[in-house]
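Naming convention: chains lettered A, B, ... in sequence-line order (proteins, then strands); numbering from 1 in each chain.
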Amino acid sequence: MEYKHREIEQNWQHFWEQNQTYRVEIDHSRPKYYVLDMFPYPSGAGLHVGHPLGYIASDIISRYKRLKGFNVLHPMGFDSFGLPAEQYAIQTGQHPAITTQENIKTFVGQLKNMGFSYDWSREVRTSDPNYYKWTQWIFRQLFEHYYDKTADKALPIAHLIAQFNEGGSGAVNAACDDDTPVFDAQTWRTMGEFEQQKMLLKYRFTFPEESHVNWCAGLGTVLSNDEVKDGVSERGGFAVERKLMKQWAMRITAYADRLISGLDTVDWPEPLKEQQRNWIGRSVGASVRFSLSNASTPPLGVGGLEVFTTRVDTIYGVSFMVLAPEHDLVQALTTPQQKDEVAAYQTWAANRSEVDRMAERKVSGAFTGSYCVNPLNDQPVPIYIADYVLAGYGTGAVMGVPSGDQRDWNFAKHFGLPIVSILDAQKGIDQQADATKEGRYINSGIINGLTYKEATDRLIKWLEANNVGKGKVQYRLRNAVFSRQRYWGEPVPVYFKDYGNGQPMPCLIDEAELPLELPKIDKYLPTQTGEPPLGRAQNWKYHQQYDYELSTMPGWAGSSWYWYRYMDPQNSEVFADKTAIDYWQRVDFYIGGSEHATGHLLYSRFWNKFLKDLGLVPHEEYAAKLINQGMIQGRSNFVYRVKNQTPADADANDAPAGGGGTFVSFGLKDQYETTKLHVDVNIVENDFLDLDAFKKWRADFADATFILEDGKYLCGVEVEKMSKSKFNVVNPDTIVERYGADTLRLYEMFLGPLTDAKPWNMNGISGTYNFLRKIWRLFFDDQTDQPKWDNAQPTAQELKVLHRTIKRIEEDIERYSFNTVVSTLMIAANELTELKCHKKAILEPLVVLLSPYAPHIAEELWAKLGNKSGSISAATFPVFDPQYLVENTFEYPVQINGKVRVSLVFAADAPPADIERAVLENETVIKWMEGKQPKKVIVVPRRIVNVVL
RNA sequence: GCGGGCAUGGCGAAACUGGUAGACGUGCUAGACUUAGGAUCUAGUGCCGCAAGGCGUGGGGGUUCGAUUCCCUCUGCCCGUACCA
């Protein structure tokens with residue numbers, strides 16, 4: 001009987017579906033284990049061979065844990081809101097829901113075709129109203145809570161209001177907008193409802209805010225920082241500009257410290273943690289206010305200029321102040337004489353694209369004509385604007401210390417400003433800045449003679465005592481923009497109440513009114529007046545009266561809590577029932593790409609911490625263990641078409657010429673002038689081109705002729721991104737068809753360590769296929785259909801093979817070394833074939849060991865051996881018994897001066913002294929010792945002997 | 001610039017706490033069998049050398065009886081980030 005992969009796999013996939021084999025329920029009699037794949041976006045292109053890498057690994061873990069007695073939650077679903085479906089809708093008029101539905105169908109089909117053990121009854125889709133109802137519900141909670149720094153957690157807005165009534169803003173220590181004013185209880189109580197609501201927005205976790213955002217005209221929406229790469233949109237590569245817009249924002253910065261400290265409690269890859277730390281960018285320093293009052297400045301109602309610095313110790317070296325061109329105070333600070341120059345610079349800076357800014361870093365700027373005062377020495381400091389200062393970081397203002405900072409130094413040189421040395425250890429500051437913290441301060445008033453640490457402490461005390469500054473921690477992390485001017489996303493459950501003052505106030509729609517469903521619209525484009533597409537919806541008003549929010553939520557909203565929905569996917573009362581959350585707790589094993597480091601994995605940790613503060617979920621961190629699977633790159637193949645070929649040339653080279661062009665094999669191509677063309681990797685095997693398939697591949701190659709080497713056409717190879725245009729995309733379905741899902745699963749794991757990036761390479765897939773055939777032949781004679789197994793007692797040697805295999809596989813899976821497990825299985829198959837072992841007592845546990853990797857063939861053989869169909873996932877992982885591996889002897893490699901010269905067998909428990917004596921009497925050893933006396937003999941029991949001369 | 005990672009045969013790789021480097025697979029060479037196959041089996045295959053032997057884990061140095069593994073240094077490649085005050 002032959003191994004017929006197609007038949008076997010289809011039968012079992014059908015069986016699993018019919019019998020709901022992988023459905024799980026809460027079961028308190030067994031420990032739980034939660035294995036999660038990162039939420040895929042169902043793109044129209046379907047899965048290519050790179051996508052399943054992580055899914056195969058997580059499926060192996062799931063199946064392994066089941067065999068180990070765990071109740072395994074292993075779900076799959078779709079992050080189904082998103083730009084591509086909407087772009088397609090704009091082009092075709094087709095509702096994105098329909099496209100999305102079709103794409104999901106393709107994905108599910110492909111995933112089932114690979115034999116993954118998902119509990120499909122738990123599938124969720126973020127674009128389903130029954131799902132986004134709860135995304136909106138969480139949004140409501142965010143709106144109704146604020147971050148209380150004293151309690152160090154999120155608290156209800158009602159608590160904040162109570163505090164305001166008691167003691168005004170001074171009574172609370174909370175995360176809020178930078179421009180939040182100070183007020184007392186009396187003031188709060190006398191405010192009108194509108195004023196109070198406006199104040200509360202400065203504290204809520206989500207709030208509309210006028211801010212500079214990344215506007216992407218090409219996509220017609222704003223983007224968050226993590227969606228912008230190199231100044232263009234990550235999706236589509238469209239230009240991105242800074243634009244002042246009113247947007248919903250999420251106060252993720254309130255959790256900045258906890259997002260950093262939580263990283264120490266999870267088992268995640270260190271590079272990923274480091275990326276998050278850098279993205280959050282915590283810096284410790286001080287804020288200092290430079291007053292404007294007594295200098296030669298225009299009359300102002302401004303108290304001063306606030307700067308953040310990490311080097312407050314350099315404050316006596318300040319010789320200028322620089323504001324971002326967009327800074328609020330620029331207008332007020334500009335003197336009439338400087339007005340034109342400043343305005344010109346602002347215009348120039350605003351029109352400079354992000355790409356330009358990054359490309360050329362020339363010193364530029366303009367003087368405002370005004371001065372501020374250094375609080376430490378009362379010296380006037382000229383105020384400039386320059387685009388090297390970013391409006392979005394700190395206060396958008398920088399104190400210029402040219403002796404200690406290279407950018408400041410460049411600026412000072414360019415504008416002829418003084419460069420003052422502040423530390424006796426600074427060297428060569430007429431050549432460049434020296435950022436040293438060594439030595440003692442000079443030219444520095446109250447800190448002269450002090451060291452770095454002493455000076456910093458002293459200055460912060462002084463600033464605080466004089467009420468002109470304080471120690472401060474600053475983050476690079478910005479509050480996250482939460483609005484998208486698009487249709488295909490969750491509607492924001494907010495309407496705008498009109499207080500009759502022309503300033504609409506956002507209010508939440510009632511919880512009972514959720515979900516707020518997406519209305520139908522005629523076209524998926526902005527309105528005439530530039531409103532988002534939702535502005536097209538007819539009669540779409542809250543209680544027929546108030547306007548709804550017209551932007552929708554960003555892609556990361558639905559994916560920031562989805563792992564809880566899998567615990568209880570159908571629940572219409574809560575996002576997940578407490579009993580389900582109490583049982584499943586959190587994700588034990590999470591796998592996905594490292595590209596989610598600063599997007600999904602940061603936002604979802606933020607929402608999780610928020611839900612934790614509300615007492616809704618049990619863990620501060622939701623994913624205990626996380627692995628990044630390496631990216632599978634494309635491996636392109638090339639053919640070489642001979643250029644400018646004339647008949648004479650063709651004759652000269654004795655090569656046939658034809659209308660389809662002449663293609664020369666890789667090894668001979670340097671003898672010709674050629675054009676390199678991508679060729680579909682699916683018609684190439686082991687880099688040899690299938691000539692007939694090539695002629696059929698494209699009509700214009702039908703008459704192609706070839707110049708072969710050794711009768712074969714060898715293709716060129718390059719590693720590139722996997723993409724259609726490079727003809728290097730391999731669809732897993734093709735491989736499943738030809739070799740089977742089990743072979744594909746084994747092969748993807750066999751390719752190398754899971755976390756390494758590697759090019760997809762079909763060379764060698766036949767090795768894993770042959771391995772499965774070899775396994776099959778342990779059970780069946782491929783000629784006669786006869787089963788081969790028997791019930792004989794296994795020999796010691798056979799048991800040794802089995803138990804060594806059990807031990808290695810268990811150890812390797814536990815350390816996520818998936819590739820070496822495949823080798824171990826291959827070695828076992830080779831050895832048992834060698835031993836002609838067809839004993840059920842050995843083969844049955846072997847099939848269980850194989851089942852996480854190759855579940856279909858394992859099910860088939862398991863059932864053939866007489867077990868109940870489909871029960872292999874309920875089987876028990878074989879228990880390793882060390883007694884079978886006990887050896888009575890050990891073959892010692894014997895080294896002379898570190899080089900192995902001979903191997904000698906000794907009893908496993910032979911005393912080192914005996915071994916030493918025997919080794920020194922050995923002929924070969926004596927020969928190599930060349931008559932010298934050994935200085936030392938090292939005997940490491942059960943390892944090695946080394947004779948040192 | 002900064003942060004992180006990686007470097008082993010023709011190729012993918014293994015060697016987990018320092019102990020016979022190259023397991024396993026592929027490719028290649030030679031052979032066997034045959035209802036010529038994308039099959040199976042046997043032998044060989046790191047490099048140099050007829051051999052004895054020597055040399056070998058990106059380069060250089062160090063620690064050690066012994067280093068792919070630990071330390072220092074240099075080089076190359078990959079990923080992330082970028083005027084963050």
Problem - P gap between B/U17 and B/C6, integer Å - result: 14 Å
Handout entry: Pair partner, B/C77 [Watson-Crick or wobble, under 3.5 Å]
Key = B/G5
Practice task
Taking atom P in both B/A21 and B/A82, compute the distance separating them and give it to the nearest angstrom.
Solution key: 47 Å
Fill in the blank from the handout: Looking only at heavy atoms, the pair that brings A/K470 and A/L463 closest together is N-CB, 4.3 Å
Practice task
Answer with base, sugar-phosphate or nothing: what part of the nucleic acid does A/N830 contact at a heavy-atom distance below 4.0 Å?
Solution key: sugar-phosphate
Practice task
Just call it for A/V398: base, sugar-phosphate, or nothing, with non-hydrogen atoms closer than 4.0 Å on any strand.
Solution key: base
Practice task
Scan A/D756 against the nucleic acid and name what it touches under 4.0 Å (heavy atoms): base, sugar-phosphate only, or nothing.
Solution key: nothing
Exercise for the section: Report which part of the nucleic acid A/R277 touches: base, sugar-phosphate, or nothing (heavy-atom distance under 4.0 Å, all strands). Expected result: nothing
Practice task
Under 4.0 Å between any heavy atoms, over every strand shown, what does A/W409 touch: base, sugar-phosphate, or nothing? Just pick one.
Solution key: nothing
Practice task
Considering only atom P, compute the distance from B/G60 to B/C16 and round it to an integer number of Å.
Solution key: 24 Å
Practice task
Sticking with atom C1', work out how far B/G76 lies from B/C83, rounded to a whole angstrom.
Solution key: 28 Å
Exercise for the section: Remember a base hit wins even if backbone is also touched, and classify A/T824 as base, sugar-phosphate or nothing at under 4.0 Å, heavy atoms. Expected result: nothing
Practice task
Taking only the side-chain nitrogens and oxygens of A/R943, find out if one of them lies under 4.0 Å from OP1 or OP2 of B/G18.
Solution key: no
Handout entry: Whether over 12 other heavy atoms sit under 6.0 Å from A/R6 CZ
Key = yes
Exercise for the section: Identify which one of A/V894, A/V919, A/I915, A/V947 satisfies the side chain to side chain contact (heavy atoms under 4.5 Å, CB included) criterion when paired with A/V939. Expected result: A/I915
Exercise for the section: Give A/Q474 one of three labels, base, sugar-phosphate or nothing, depending on what nucleic acid heavy atoms sit under 4.0 Å from its own. Expected result: nothing
Handout entry: P spacing across the pair B/G10 / B/C47, given as an integer number of angstrom
Key = 7 Å
Practice task
Measure across A/L754 and A/A57 and return the closest heavy-atom pair with its distance rounded to 0.1 Å.
Solution key: CD2-CB, 3.7 Å
Handout entry: Sugar-phosphate only, base, or nothing, as touched by A/P753 at under 4.0 Å among non-hydrogen atoms
Key = sugar-phosphate
Exercise for the section: Identify whether any heavy atom of A/K273 sits under 4.0 Å from a base atom; if not, whether one sits that close to sugar-phosphate; answer base, sugar-phosphate or nothing. Expected result: nothing
Exercise for the section: Find which nucleotide of RNA chain B each of A/S817 and A/L751 is nearest to by heavy atoms, and output the residue with the more 5' nucleotide. Expected result: A/L751
Exercise for the section: Give one of base, sugar-phosphate or nothing for A/R901, where a contact means two heavy atoms less than 4.0 Å apart. Expected result: sugar-phosphate
Practice task
Rounded to whole angstrom, note down the P distance from B/A51 over to B/G58.
Solution key: 28 Å
Practice task
For B/C84, take OP1 and OP2 only and decide whether either is under 4.0 Å from a side-chain N or O of A/T310.
Solution key: no
Exercise for the section: Syn or anti for B/G9, please, going by whether the chi angle lies within 90° of 0. Expected result: syn
Handout entry: Proximity of A/Y384 and A/F411 rings by center, below 6.0 Å
Key = yes
Problem - Most 5' of A/N770 and A/Y393 on RNA chain B, judged by nearest nucleotide - result: A/N770
Practice task
Check every strand shown and say whether A/P271 touches a base, only sugar-phosphate, or nothing at a heavy-atom separation below 4.0 Å.
Solution key: sugar-phosphate
Exercise for the section: Go ahead and name the base partner of B/U42; Watson-Crick or wobble counts if both distances stay under 3.5 Å, otherwise write none. Expected result: B/A30
Handout entry: P spacing across the pair B/C70 / B/G5, given as an integer number of angstrom
Key = 12 Å
Practice task
Between B/U45 and B/G1, how far apart are the C1' atoms? Round to whole Å, please.
Solution key: 48 Å
Completion exercise
In Watson-Crick or G-U wobble terms, with both distances under 3.5 Å, the base opposite B/U35 is none
Practice task
Taking the six-membered ring for Trp and the single ring otherwise, decide whether the centroids of A/F415 and A/F320 are under 6.0 Å apart.
Solution key: no
Practice task
Please report the C-alpha distance between A/Y388 and A/D408 in whole Å, then the side-chain angles of each, then the deciding distance to 0.1 Å, and finally whether the side chain to side chain donor-acceptor pair (under 3.5 Å) criterion is met.
Solution key: CA-CA 10 Å; A/Y388 82 86; A/D408 294 346; 2.8 Å; yes
Practice task
Check every strand shown and say whether A/N819 touches a base, only sugar-phosphate, or nothing at a heavy-atom separation below 4.0 Å.
Solution key: sugar-phosphate
Exercise for the section: Return no unless some side-chain N or O of A/K936 is found under 4.0 Å from OP1 or OP2 of B/C65. Expected result: yes
Problem - Pair assignment for B/A85, Watson-Crick or G-U wobble, requiring both distances under 3.5 Å - result: none
Exercise for the section: Select base, sugar-phosphate, or nothing to describe what A/N946 touches, counting heavy atoms under 4.0 Å on all strands. Expected result: base
